Amino acid sequence: MEQWRLAVFLEEGGRLTEDRQGDAMPALQQPLHTGTAPSAPAWPRVLLLVLAVGQVISSLASQAAGTELTTPDRPGEPPIVPISWAFSIWGVIELLSLLYAVWALPDRRPDKRLRSELAVPLSIVFAGFSCWLVAAEVEPVWTTVVVFAVMVAGLLKALQIALRSRAAIAKWPRPARWLIWWTIGIYSGWSTMAIWINLTTSMAASGAPVSGTWGISGQLAVLAGATATAVVIVRWTNGLVPYTLAACWALTTAALGAADAGETLLAAAAAAGLCITAATAVHARRHFRAPAPRP
């Protein structure tokens, strides 16, 4: 009988049970678990810092070597490629990435588990950046698009984690809040626009026209896709300011690049995308009632 009662107790999770005769049997006490949950591993944050340094080194090496990717105004480029000085935003991205990786490394910082979780997709992004620079020299046509797509996927995952953890991040020190939101925001804002431009340059390198009816139509479609992407992500992030600014930077400089190439229609389309993105951000922030990040 005692063995049967113990089996019933184990089966029902220690709740009060009755035996077959109908008399109540006192519930046995559940054992107390005094052990603590395993701490978050440090290796993702260490790897993040190493790859953040790698971004800076690979970028400096690429510029020093005067590679194809760092050559401004290359012949045969589509008109909607942003004007040459627009790509200086990469320097800001690399600096923010490095500063955040340095801050996120020590165990004594708040939310160690969250920082380690964010480090995983961001490490993929940082590694992708260095691979993208190599791919631009080795096989610049379609490999760069694939690498960029992986980077964008990592950035969107990092954004998802950060948005899900808004309340926790809001308790971080102000400099840390600025670092995480501006790092992810600017990186994803620029990258989600740049992948469309990268697609255009790859198509042009494959022989697609960059002028005439088909060339202009294709670039109008690319600008429409970039604008739609910006609108969706701006709405998803409730008008996250760093993302919006970076996306608008990309569309503004694309408009300037098209105007510099004498393509008024493309310049107007990029400017329209800029206005739509900015208006969407204003509307999203106005209607956002949950605690917002304070970058």
Side-chain angles (χ1 to χ4, degrees), residues 48 86 89-90 92-93 95-97 99-101 103-104 109-111 113-126 148-197 223-255 270-295:
L48 184 70
I89 193 174
W90 279 119
V92 177
I93 291 171
L95 178 60
L96 286 171
S97 301
L99 290 175
Y100 172 73
W103 178 86
R109 307 294 191 196
D111 292 307
R113 185 173 298 279
L114 174 57
R115 287 182 283 118
S116 293
E117 186 180 7
L118 283 166
V120 175
L122 288 177
S123 293
I124 295 174
V125 175
F126 295 178
F148 230 137
V150 173
M151 292 172 62
V152 168
L155 286 165
L156 294 178
K157 180 61 178 179
L159 259 178
Q160 181 189 40
I161 295 171
L163 292 171
R164 184 191 69 207
S165 308
R166 278 181 186 269
I169 293 175
K171 298 176 184 178
W172 290 8
R174 183 182 296 273
R177 294 198 306 266
W178 275 73
L179 276 176
I180 186 58
W181 288 117
W182 283 87
T183 299
I184 299 178
I186 291 185
Y187 213 141
S188 56
W190 172 255
S191 296
T192 52
M193 299 296 98
I195 190 173
W196 288 96
I197 305 301
L223 290 173
T227 301
T229 301
V231 167
V232 168
I233 297 179
V234 164
R235 289 176 61 86
W236 175 44
T237 61
N238 297 298
L240 186 65
V241 172
Y243 178 90
T244 303
L245 290 178
C248 288
W249 172 270
L251 291 168
T252 298
T253 53
L274 163 67
C275 294
I276 292 171
T277 302
T280 302
V282 171
H283 181 270
R285 291 188 68 83
R286 184 174 296 171
H287 290 79
F288 182 42
R289 294 291 180 261
R294 295 173 290 175

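As a basis for the values below, the full set of heavy atoms in this structure was taken, side chains included, without hydrogen atoms, waters or symmetry mates. The structure displayed is predicted, hence computed values, not measured ones.
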Shortest non-hydrogen contact between L179 and L99, atoms and distance: CD2-CB, 3.7 Å
Quick one: does T183's side chain have a donor or acceptor within less than 3.5 Å of a partner on L96's backbone? yes
Answer yes or no: is there a side-chain heavy-atom contact under 4.5 Å between I195 and S191? no
Does some side-chain heavy atom of T277 sit less than 4.5 Å from a side-chain heavy atom of M193? no
Check the pair W182 / V92 against side chain to side chain contact (heavy atoms under 4.5 Å, CB included), numbers first and verdict last. CA-CA 10 Å; W182 283 87; V92 177; over 6 Å; no
Looking at residues at least two apart in the chain, or sitting in another chain, which of them share a salt bridge (charged side-chain N to carboxylate O under 4.0 Å, His left out) with R109? none
Please enumerate all residues that pass ring-ring contact (aromatic ring centres under 6.0 Å, His included) together with F148, with sequence neighbours excluded. W132
With sequence neighbours left out, which residue pairs that include part of residues 116-126 fulfil the salt bridge (Lys or Arg N to Asp or Glu O under 4.0 Å) condition? E117-R164
Which heavy atom in A270 sits nearest to a heavy atom in A254, and how many Å separate them? CB-C, 4.2 Å
Kindly indicate whether the side chain of L122, heavy atoms from C-beta on, has any atom under 4.5 Å from the side chain of Y187. no
Can you measure from CE (M151) to CD1 (I124) and round to the nearest 0.5 angstrom? 11.5 Å
How would you list, by chain and number, every residue that makes a side chain to side chain donor-acceptor pair (under 3.5 Å) with T192, sequence neighbours excluded? Y243
Note, I180 side chain near R115 side chain (heavy atom, < 4.5 Å): no
Where is the tightest heavy-atom contact between V125 and G154, given as atom of each residue plus distance? CG2-C, 3.7 Å
Of all heavy-atom pairs linking L240 and G185, the shortest is CD2-CA, 4.3 Å
For A176, enumerate each residue passing the side chain to side chain contact (heavy atoms under 4.5 Å, CB included) test, keeping only those at least two apart in sequence or located in another chain. W103, W172, P173
Spell out, as yes or no, whether a donor-acceptor pair under 3.5 Å connects the side chain of T253 to the backbone of A250. yes
For I186 and A246 the tightest heavy-atom approach is O-CB, 3.5 Å
Without swapping roles, check the side chain of R177 against the backbone of I169 for a donor-acceptor pair under 3.5 Å. no
Rounded distance (nearest 0.5 Å) linking atom CD of Q160 with atom CD1 of I184: 11.5 Å
Within the 4.5 Å heavy-atom criterion, are V241 and W181 side-chain neighbours or not? no
Identify each donor-acceptor pair in which a side-chain atom of residues 224-236 lies under 3.5 Å from a protein atom, sequence neighbours left out, and give them as a table.
residue, atom, partner, partner atom, Å
T227, OG1, L223, O, 2.9
T229, OG1, W196, NE1, 3.2
T229, OG1, G225, O, 2.8

Which atom pair, heavy atoms only, marks the closest approach of L118 to A162? CD2-N, 4.1 Å
